[in-house]
Amino acid sequence: MPENFTMGKIKLVTTFYLEENEIILELPLSKKDLLLTFSDKEKELKEYMKKEKLKLKKEEDLLRLVARYNALKNLNANPSQSLLSSMVRNN
C-alpha cells in the first residue's frame with residue numbers, strides 16, 4: 001500500500017423507531033429532541049431520566065423511558081393526546 005493511503009472508517013448507526021396508530025416515527029437520540037417528541041410528559045420524563053440515570057444511547061434505557069411515557073400517558077387515558085398530535089404541534 002502507498003504511504004499516504006488511509007483506511008476508511010465504518011460507523012455503526014443504531015436507529016430506533018416507535019409505532020403509534022400504524023404510523024412509524026424515528027426516535028431522536030438526543031435528550032433535548034427526545035423530550036420534545038414526548039413534550040406532553042416532558043417534565044415527568046426529565047425527572048425520571050435524572051432519577052434513574054438513564055443513558056439514551058443504551059437500548060434498555062430508551063425502552064424504559066418509552067415504557068414510562070406510555071405509563072404516564074395511560075394514567076390520563078385521553079385519546080386526543082397521542083404522541084403524533086404532540087409531534088404535529090412541535091413541527
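What's counted below: heavy atoms across the whole structure, side chains too, no hydrogens, waters or symmetry copies.
- Legend: residues meeting side-chain hydrogen bond (donor to acceptor under 3.5 Å, both in side chains) with Asp33, ordered by chain and number and at least two apart, are Ser30.
- Grouping Ile, Leu, Val, Met, Phe, Trp and Tyr residues whose side-chain heavy atoms lie under 4.5 Å apart, directly or via other members, places Ile24 in a hydrophobic cluster with Tyr17.
- Salt-bridge annotation for Lys73 and Glu20: present, with a side-chain N of the basic residue lying under 4.0 Å from a carboxylate O of the acidic one.
- To the nearest 0.5 angstrom, Met49 atom CE is 9.0 Å from Leu62 atom CG.
- For the atom pair CG (Leu72) and NZ (Lys43), the distance works out to 12.5 Å, reported to the nearest 0.5 Å.
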With side-chain contact (heavy atoms from CB on, under 4.5 Å) as the criterion, how do Leu25 and Phe16 come out once you've worked through the C-alpha distance, each side chain's angles and the decisive distance to 0.1 Å? CA-CA 9 Å; Leu25 303 169; Phe16 296 97; over 6 Å; no

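- Put simply, OG1 on Thr15 and CD on Glu26 are 5.0 Å apart, with the number rounded to the nearest 0.5 Å.
- Two residues are said to be in side-chain contact when any heavy atoms from C-beta on lie closer than 4.5 Å; Asn74 and Tyr69 fail this criterion.
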Donor-acceptor pairs under 3.5 Å, side chain of residues 51-59 to any protein atom, not counting sequence neighbours: which ones?
| residue | atom | partner | partner atom | Å |
| --- | --- | --- | --- | --- |
| Glu52 | OE1 | Arg64 | NH2 | 2.7 |

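- Under the rule for a side-chain contact (heavy atoms from CB on, under 4.5 Å), the partners of Glu22 that lie at least two apart in sequence or sit in another chain are Glu19.
- Interatomic distance, CZ of Arg68 versus CG of Leu63, reported as 15.5 Å (0.5 Å rounding).
- Screening Leu65, Leu29, Val66 against Leu34 for a side chain to side chain contact (heavy atoms under 4.5 Å, CB included) leaves a single residue, Leu65.
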